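Some notes on the structure that comes next.
Every chain is numbered from 1 and lettered A, B, ... according to where its sequence line falls, protein lines coming before strand lines. Values in this document were obtained by computation on a predicted structure and should not be read as measured data. Computation of the quantities below employed the complete heavy-atom set of this structure, encompassing side-chain atoms and omitting hydrogens, waters and symmetry-equivalent molecules.
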There are 2 protein chains.
Amino acid sequence: MTKFVYFFGANKTEGTGKMKELLGGKGAGLAEMTSLGIPVPAGFTITTEVCTYFNENKNTYPTTLEDEVSKVLKLLEEAMGTKFGDASNPLLLSVRSGARVSMPGMMDTVLNLGLNDETVEGLAKKTGNPRFAYDSYRRFIQMFSDVVLDVDHAHFEKILENKKASKNIHLDTDLTSDDLKDIVVQYKEAVKKALGKDFPSDPKHQLWESITAVFRSWNTRRAVDYRKINQIPDNWGTAVNVQAMVFGNMGNDCATGVAFTRDPSTGEKKFFGEYLVNAQGEDVVAGIRTPLPMSDGSESLEKIMPPAYKTLLEIQDLLERHYKDMQDIEFTIQNNKVWMLQTRSGKRTGTAAVRIAVEMVKEGILTQKEAVMRVSPSHLDQILHPTLDPKAKKEVLAKGLPASPGAAVGRVVFSADEAQEWAERGEKVILVRQETSPEDIHGMHAAEGVLTARGGMTSHAAVVARGMGKCCVSGCGDILIDHEKELFRVGEHTIKKGEWLTLDGTLGEVLDGKVPTVQPELTGDFGEFMKWVDQYRRLKVRTNADTPHDSKIARQFGAEGIGLCRTEHMFFEPDRIDAVREMILANNRSEREKALTKILPMQKGDFKSIFREMKGFPVTIRLLDPPLHEFLPHTDEEIKELAKKIGVSHEKLKAKTDSLHEMNPMLGHRGCRLGITFPEIYQMQVRAIMEAACELAKDEDFKIIPEIMIPLVGHVNELKRMRDDTEQVCKQVIEEKKCSIEYLIGTMIELPRAALTADQIGKQADFFSFGTNDLTQTTFGFSRDDAGKFLPFYVDKGILPCDPFTSLDQDGVGALVKMGFEKGRSVKEKLKVGICGEHGGDPASIEFCHKTGLDYVSCSPYRVPIARLAAAQATLKQNA
Amino acid sequence: MTKFVYFFGANKTEGTGKMKELLGGKGAGLAEMTSLGIPVPAGFTITTEVCTYFNENKNTYPTTLEDEVSKVLKLLEEAMGTKFGDASNPLLLSVRSGARVSMPGMMDTVLNLGLNDETVEGLAKKTGNPRFAYDSYRRFIQMFSDVVLDVDHAHFEKILENKKASKNIHLDTDLTSDDLKDIVVQYKEAVKKALGKDFPSDPKHQLWESITAVFRSWNTRRAVDYRKINQIPDNWGTAVNVQAMVFGNMGNDCATGVAFTRDPSTGEKKFFGEYLVNAQGEDVVAGIRTPLPMSDGSESLEKIMPPAYKTLLEIQDLLERHYKDMQDIEFTIQNNKVWMLQTRSGKRTGTAAVRIAVEMVKEGILTQKEAVMRVSPSHLDQILHPTLDPKAKKEVLAKGLPASPGAAVGRVVFSADEAQEWAERGEKVILVRQETSPEDIHGMHAAEGVLTARGGMTSHAAVVARGMGKCCVSGCGDILIDHEKELFRVGEHTIKKGEWLTLDGTLGEVLDGKVPTVQPELTGDFGEFMKWVDQYRRLKVRTNADTPHDSKIARQFGAEGIGLCRTEHMFFEPDRIDAVREMILANNRSEREKALTKILPMQKGDFKSIFREMKGFPVTIRLLDPPLHEFLPHTDEEIKELAKKIGVSHEKLKAKTDSLHEMNPMLGHRGCRLGITFPEIYQMQVRAIMEAACELAKDEDFKIIPEIMIPLVGHVNELKRMRDDTEQVCKQVIEEKKCSIEYLIGTMIELPRAALTADQIGKQADFFSFGTNDLTQTTFGFSRDDAGKFLPFYVDKGILPCDPFTSLDQDGVGALVKMGFEKGRSVKEKLKVGICGEHGGDPASIEFCHKTGLDYVSCSPYRVPIARLAAAQATLKQNA
């Protein structure tokens with residue numbers, strides 16, 4: 001016979017902390033604490049199997065359940081020395097849900113269960129506190145009616161308000177026990193009026209109705225949606241925990257509080273928390289009275305109730321050592337006796353997470369491996385960027401996408417030029433744009449943070465800001481920019497140029513005014529922790545860097561090479577854009593070559609500096625990728641200006657820009673399609689790379705192996721042709737410079753067709769780099785520039801589990817990555833394979849890359865430590 | 001020991017017609033004719049294996065080859081009664097290439113080989129025709145020098161020209177034998193001057209040099225490119241045919257000619273051809289003298305050389321019965337003796353192909369199955385469209401893409417409205433546009449043909465024109481349209497509005513003026529032939545039709561249902577576009593629903609008519625697919641006009657159209673993404689479909705099963721959501737109308753992700769329809785609107801074997817189709833699967849669909865017969 005109910009109490013505990021699947025997280029925790037000899041109000045857990053049975057059998061229970069519950073109820077009465085439904089010495093119960101993983105606020109709870117007109121009197125007598133007894137009764141009726149009987153909350157609110165108004169008082173606490181008695185009467189009348197029958201007075205009946213209500217709450221709309229979004233299977237079910245009530249509000253020898261075993265902000269080893277004398281748990285949260293500190297100061301628990309404090313100190317130490325992690329605990333002190341209601345792993349800041357992990361190793365609580373698993377990648381993300389002061393008041397104006405983490409405060413400007421001017425005269429600015437383009441880079445550099453109205457997680461603004469480690473909120477559709485009037489509107493609110501604005505790039509929030517921020521600080525703990533991390537990972541971590549500056553930062557963060565150097569970002573520098581435009585507007589090959597000759601030395605210089613920063617680490621350079629029209633002006637105004645500057649007629653320039661216009665530039669004339677139709681462009685770039693490498697090789701003592709990457713290959717013949725061209729130039733340069741440089745020629749795998757035919761393409765490639773941004777676009781048919789119109793809705797409604805531009809879609813895009821990897825390796829055993837899409841910095845995607853067998857991931861400089869950690873965790877998880 | 005040389009001659013023939021791989025097409029044909037007892041100048045074939053050896057062994061030969069050639073040369077001398085290199089009775093040879101498949105003009109030929117200063121005299125004496133002998137000698141030196149010695153052609157041209165100038169004559173034929181003798185002397189001097197050595201006089205040496213030159217020509221640039229483009233493996237190699245020369249130019253008892261065993265234009269059973277007395281083969285082609293007919297008239301071969309004619313008549317009959325196909329033959333009559341030089345299957349018009357196939361069955365030459373294989377899909381294409389009169393003079397102005405076959409003649413107009421106006425007053429017009437959009441449909445209807453400057457084989461113009469069976473040349477980048485001046489330019493040429501223009505949609509040519517056309521005529525033969533076709537195919541053939549008119553045409557062509565009915569094409573009708581725009585511009589759901597209510601009855605009416613035309617055949621209706629901005633005006637002018645019309649401010653309308661603008665609309669807010677974000681649109685469409693079906697079911701006696709198709713599904717959750725919505729509306733309507741209609745709900749598979757996860761999606765679908773247009777776009781990352789900038793170059797250079805929008809890319813897109821099909825069927829055995837991209841009308845793609853196992857293909861009405869034939873041929877090929 002299946003056992004459906006597990007008891008926990010001082011003398012007997014049937015469950016253990018390992019039984020989370022059967023007892024849920026809460027139930028397992030209560031059983032575990034009880035087993036450790038920690039004082040926990042006795043109770044029992046009805047298993048998740050009952051929930052499954054209930055759902056599959058038209059909301060009925062296994063036949064043996066009632067009997068099992070009766071038996072444990074007896075055990076419970078014995079343990080607590082009270083009796084359920086007894087008029088003089090009543091046992092009161094709480095009924096709570098508890099799934100395998102926490103689903104905060106999603107399911108129902110009933111407290112103070114077991115009260116009726118008789119037991120309430122017994123409670124009043126026993127406690128000598130009728131006010132307490134009737135207040136509990138009132139709360140019970142209200143909660144039970146709401147959760148179980150589905151009677152509208154508003155009825156009760158109104159009765160309470162009327163009572164207070166009639167007595168001219170404002171706080172619930174000013175109500176007397178007589179007031180509360182009267183309210184109870186009115187509450188019961190309200191229930192009868194709403195349902196046509198009396199409020200149930202039989203405690204057993206109350207209990208079963210509550211259990212059923214909790215099980216039923218597993219399938220409420222919000223719980224179902226929550227599970228869909230968080231990918232929690234529907235068939236896991238919830239357990240139900242029935243537990244004896246204890247009270248922190250029965251007098252001045254009572255208290256309630258929450259505490260952490262270490263400081264969750266700094267990680268300092270210190271018992272840290274807050275409590276209230278003569279109060280219930282919800283009072284601490286409600287903020288009506290100001291909670292007091294656990295230790296320190298004359299009003300601390302340490303001073304006020306020394307024995308209870310001592311007990312708590314022992315318990316928290318025991319729990320932390322037992323769980324090998326910082327704990328977040330809830331306790332109640334009833335008549336000087338300590339009762340533990342909950343223990344769970346405590347949430348902490350990034351700084352605290354690293355410090356706790358490092359110190360716990362030193363204290364002998366954790367091994368280094370365990371410590372590596374205890375810090376999450378998002379903790380590191382916090383450490384690397386400024387954050388909003390958690391204590392500060394915030395007024396959220398609008399929400400966009402959390403495009404690049406961190407916080408930024410500055411005065412609003414609407415153009416890149418202005419951002420630069422203001423910054424030069426010492427102002428902090430936030431650059432607000434409809435969307436950014438490569439022409440805005442100098443403004444982004446100058447700004448503290450960037451806010452765009454359009455564009456997704458891999459829009460230009462998002463990618464560039466992440467690369468700069470700069471805070472960015474993108475795709476904030478709520479803001480309406482009026483460029484003419486130099487302001488933007490959010491609903492009724494108007495923000496003018498020069499006004500202060502704060503961005504939270506981690507949450508995607510736009511905040512009014514100046515919100516104080518906290519600057520990150522990389523401590524010695526961080527360095528030590530990262531050393532441990534690097535012991536365990538198999539994946540190499542490279543960076544996406546286009547400039548010597550970015551390369552330097554990435555090296556400081558531990559990047560082991562460059563996985564993606566986008567040559568075109570260099571084209572926008574003010575001193576070279578003219579030559580680039582001259583090249584694009586050339587009428588024939590010889591004019592084009594003339595312009596390219598001007599660009600060659602500049603590109604060579606860039607490559608030299610990057611090779612120097614990378615000191616022998618591999619550098620993958622992608623040849624020109626974007627369509628040429630990206631480098632030309634777009635508005636009529638700008639075209640006129642350029643026409644004047646370069647001395648051609650406005651008509652001719654307009655005709656040229658028109659002829660380059662594309663309906664779907666993402667699927668247009670770009671990548672190797674440019675290299676094939678204008679071979680001289682790629683030839684110039686290859687020459688610049690190889691000349692840089694050869695010239696540098698003579699002066700430096702590290703080895704330089706350029707990896708030349710051909711973008712947007714879809715058919716093996718494209719790569720074959722480009723490879724032939726590239727090799728020819730490489731050989732020429734090597735001969736001219738009389739040096740012996742090794743080089744690799746490889747390709748991006750960023751089109752479905754490339755992955756599907758990777759066995760053909762692999763024969764022509766020395767390496768593959770998965771460009772998962774573009775691959776996601778084509779696999780889903782989503783333009784990252786346009787998906788803002790439906791993608792947030794998709795994620796919100798659980799149609800997609802997450803934004804596939806943020807975390808790799810493993811079923812679809814991932815299937816292509818796997819296929820491409822396996823097909824490539826099937827023809828070339830030593831094919832070097834990496835990933836250089838934005839997913840290279842996303843922990844879940846990194847784990848996927850690890851499992852698939854890739855050699856490296858590449859991500860923006862500020863995500864390098866995160867990628868290192870995620871790579872180590874992926875290895876440890878796999879080996880666990 | 002491998003045999004490398006195969007002899008053919010009256011007494012001994014070593015090869016057969018089946019040995020094409022070893023002997024090449026020409027060699028196998030010559031052996032076969034010889035075996036049949038047909039007079040063929042004796043000769044031998046050096047096998048393709050020698051070519052492979054030659055290429056793999058640094059241009060050397062197998063050691064045994066020379067000996068083998070010596071032996072067959074003796075046989076050859078015996079057979080011809082002449083001797084190679086003999087001064088009095090010389091044997092002259094031709095050396096020709098001959099690969100497995102014909103590669104016309106790609107490789108080298110040497111004629112009249114064996115002549116030198118002695119043998120030429122022998123030839124002159126033997127024939128009594130010194131002029132003939134020296135002309136042959138001159139031609140030999142010229143040809144050998146060009147092909148073997150690589151001496152510039154121009155030297156010889158100049159000598160010849162000077163000679164003619166000095167004698168003041170214009171034609172080569174006016175040169176005397178003395179003139180030619182002198183030319184020979186000068187030719188040899190020129191060779192000596194160019195090479196520093198004498199022209200080789202040893203016939204053996206001449207022979208081996210020529211053989212080597214032919215083998216070497218397998219690897220010339222043009223031959224390699226040709227093979228790449230035509231996907232002929234490099235390792236097939238060519239054979240070399242060495243054959244005794246015969247001469248049609250030795251006197252008036254000599255002749256040469258080409259003929260067909262049936263009339264290649266009409267298919268009539270009649271020996272049909274041309275000949276010239278006392279001439280060489282090249283004279284017939286050169287057009288200096290007018291060739292004479294084979295029979296009919298006083299100068300016919302029948303009248304002039306009755307015995308030779310009789311022999312030819314017997315031979316052609318024998319060949320046709322032997323090869324079971326109409327033959328294209330070449331013959332030479334030397335001193336009244338008939339020699340056959342070539343026989344091959346003859347090219348023919350579509351009309352002729354069908355007539356020949358049908359009549360050959362009736363004559364007992366072919367079985368019905370064989371007849372079905374003898375007509376190519378492109379033959380049917382010709383029959384279904386007007387064609388240019390092959391005899392007409394053509395001046396090609398420009399070349400574009402052959403977007404929709406047929407020919408059209410009309411006066412140029414530049415707008416759809418004008419096309420309609422002009423057509424209404426009885427003018428024939430050609431609509432010339434930069435590109436077309438759905439707003440141009442009425443103009444396309446009115447025009448004879450459509451010419452666009454932009455857009456590929458699946459651009460709007462191409463797809464719509466094919467649907468209408470109307471001639472279209474698209475993506476003709478050479479034409480520069482000046483809308484203001486109402487003209488277009490092609491190079492120096494200007495075509496103004498109202499001027500006549502001719503289009504050849506089959507070749508993609510734009511022709512100046514009025515070129516006469518030939519109207520197609522569907523004969524009884526066609527009907528009979530198509531009946532045979534339908535016996536053999538497994539694939540069903542449906543049509544892509546959006547209107548009752550198209551549906552009717554498709555039914556007449558034998559369509560077995562509609563595979564794709566694009567509901568949005570109906571939205572552009574002038575009487576409903578206003579309601580559609582009102583729907584798009586609605587500020588909220590209720591306004592949108594109000595507008596949708598206006599559209600509902602119109603859509604319902606359309607569906608009713610289409611169901612009626614289809615009389616019980618299945619009809620797949622795709623819900624709204626394009627992004628909403630496609631229905632709004634684009635230019636400022638048009639926006640102003642619309643604003644006035646619908647009474648909103650210009651600013652508001654502009655803001656709305658701006659907000660709908662997309663960077664990459666192909667990857668944007670369209671397909672089911674619209675259905676999900678604006679569910680009321682799809683709900684209206686489903687209601688219209690179901691109401692139409694229910695109402696019609698009451699009056700008609702055929703069964704209606706609507707197949708409702710959700711477009712652009714990438715994730716199973718999208719389909720699940722849309723399926724729920726759709727089912728709800730279907731059930732509602734069925735209840736309201738109190739009828740019992742079955743319906744299917746399925747999806748397009750047109751995104752890589754849909755194919756990759758088809759096992760998930762298949763569970764939610766009753767059918768799949770592969771949308772290979774979009775699937776090709778995303779798999780390759782090619783926008784069909786923009787690919788014109790590089791795709792023609794790709795095809796031209798052999799980077800891609802063909803335009804993947806025309807013929808399915810089997811390695812890439814095909815891999816996804818196969819995967820989607822197999823994954824879909826793996827979860828639903830009876831899943832109905834078809835294809836509705838443009839590839840559904842392409843024979844190679846249809847064969848792929850057959851092999852993959854699909855249930856049906858769907859194509860534009862005018863391609864239905866072609867698809868039926870291709871489907872039958874695919875089955876027959878597979879079973880062969």
Side-chain angles (χ1 to χ4, degrees), chain A residues 228 435 454 627 659-671 673-674 676-677 712 714-718 720-721 750-757 760 774-775 777-791 793-794 797-801 804 809 811-813 815-816 819, chain B residues 228 435 454 480 627 659-671 673-674 676-677 712 714-715 717-718 720-721 750-757 760 774-775 777-791 793-794 797-801 804 809 811-813 815-816 819:
Chain A
K228 199 180 274 174
E435 57 210 334
R454 282 197 201 143
S659 80
L660 287 172
H661 171 78
E662 292 182 308
M663 298 285 286
N664 296 284
M666 195 54 71
L667 307 175
H669 195 184
R670 51 176 283 244
R673 298 163 196 173
L674 286 174
I676 286 171
T677 47
L712 212 69
H715 192 288
V716 60
N717 288 348
E718 295 176 308
K720 196 157 186 280
R721 200 174 169 105
E750 54 185 332
L751 291 170
R753 199 181 186 286
L756 290 161
T757 61
Q760 295 171 20
D774 271 23
L775 193 59
Q777 292 197 89
T778 42
T779 304
F780 273 96
F782 286 170
S783 155
R784 58 190 173 201
D785 298 312
D786 304 308
K789 296 219 171 69
F790 55 89
L791 202 48
F793 183 88
Y794 269 37
K797 297 291 168 192
I799 296 172
L800 290 179
D809 157 53
D811 280 0
V813 181
L816 284 176
M819 195 182 299
Chain B
K228 198 181 273 171
E435 57 211 336
R454 283 197 201 142
L480 299 169
S659 80
L660 286 173
H661 170 78
E662 292 182 307
M663 298 286 285
N664 297 283
M666 194 55 70
L667 307 175
H669 195 184
R670 51 175 284 243
R673 298 163 196 171
L674 287 173
I676 287 171
T677 47
L712 213 69
H715 193 289
N717 288 348
E718 296 176 307
K720 197 158 186 283
R721 199 173 170 105
E750 54 185 332
L751 292 169
R753 199 181 185 288
L756 290 161
T757 61
Q760 296 171 21
D774 272 24
L775 192 59
Q777 293 196 88
T778 41
T779 304
F780 272 95
F782 286 170
S783 155
R784 57 189 174 202
D785 298 311
D786 304 310
K789 294 218 173 69
F790 54 90
L791 202 48
F793 183 87
Y794 269 37
K797 297 290 169 192
I799 296 171
L800 290 179
D809 157 54
D811 280 1
V813 181
L816 285 175
M819 196 183 297

Please rank [options] by heavy-atom pairs under 4.5 Å with chain A and give me the top one.
| options | result |
| --- | --- |
| B:Ser659, B:Pro665, B:Ala787 | B:Pro665 |
| B:Asp785, B:Ile799, B:Asn717 | B:Ile799 |
| B:Met666, B:Met819, B:Glu435 | B:Met666 |

Using the side-chain hydrogen bond (donor to acceptor under 3.5 Å, both in side chains) criterion, which residues pair with A:Asp774? Sequence neighbours excluded.
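Once residues adjacent in sequence are excluded, the partners of A:Asp774 under the side-chain hydrogen bond (donor to acceptor under 3.5 Å, both in side chains) criterion are A:Arg670, A:Gln777.
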Which value, rounded to the nearest 0.5 Å, describes the distance between B:Leu667 atom CG and A:Arg784 atom CZ?
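B:Leu667 atom CG to A:Arg784 atom CZ measures 11.0 Å (nearest 0.5 Å).
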Distance in Å, B:Leu756 CG paired with A:Thr779 OG1, rounded so as to fall on 0.5 Å steps
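So the gap between those two atoms works out to 7.0 Å.
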A:Gln760 vs B:Asp811, test: side-chain contact (heavy atoms from CB on, under 4.5 Å). Steps then yes/no.
CA-CA 10 Å; A:Gln760 295 171 20; B:Asp811 280 1; 3.1 Å; yes
Is the side chain of B:Asn664 donor-acceptor paired with the backbone N or O of A:Ser783 at a distance under 3.5 Å, no angle test?
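Not a single qualifying donor-acceptor pair exists.
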Main-chain N/O of A:Glu662 paired with B:Asp786 side-chain donor or acceptor, under 3.5 Å:
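Between the backbone of A:Glu662 and the side chain of B:Asp786 there is no qualifying donor-acceptor contact (under 3.5 Å).
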Select, from A:Leu674, A:Leu791, A:Val813, A:Asp809, the one with the greatest count of heavy-atom pairs under 4.5 Å involving chain B.
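Highest number of pairs under 4.5 Å: A:Asp809.
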Where do A:Lys789 and B:His661 come nearest, in terms of heavy atoms and distance?
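Reported closest heavy-atom pair: NZ-O, 3.4 Å.
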List for me each residue that meets ring pair (Phe, Tyr, Trp, His ring centres under 6.0 Å) alongside A:Phe782, sequence neighbours excluded, and say none if there are none.
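Once residues adjacent in sequence are excluded, the partners of A:Phe782 under the ring pair (Phe, Tyr, Trp, His ring centres under 6.0 Å) criterion are A:Phe780, A:Phe790.
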Heavy-atom distances under 4.5 Å only: say whether A:His715 touches chain B with side chain, backbone, both or neither.
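Contact with chain B involves the side chain of A:His715 alone.
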Contact origin within A:Arg673 toward chain B - heavy atom pairs under 4.5 Å:
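It is both, since atoms from each part get that close.
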Run the side-chain contact (heavy atoms from CB on, under 4.5 Å) test on B:Glu718 and A:Tyr794 for me, step by step, so that the C-alpha distance in whole Å, both residues' side-chain angles and the decisive distance to 0.1 Å come before the verdict.
CA-CA 9 Å; B:Glu718 296 176 307; A:Tyr794 269 37; 2.6 Å; yes
Intermediate values then yes/no, side-chain contact (heavy atoms from CB on, under 4.5 Å), B:Arg454 and A:Met663
CA-CA 11 Å; B:Arg454 283 197 201 142; A:Met663 298 285 286; over 6 Å; no
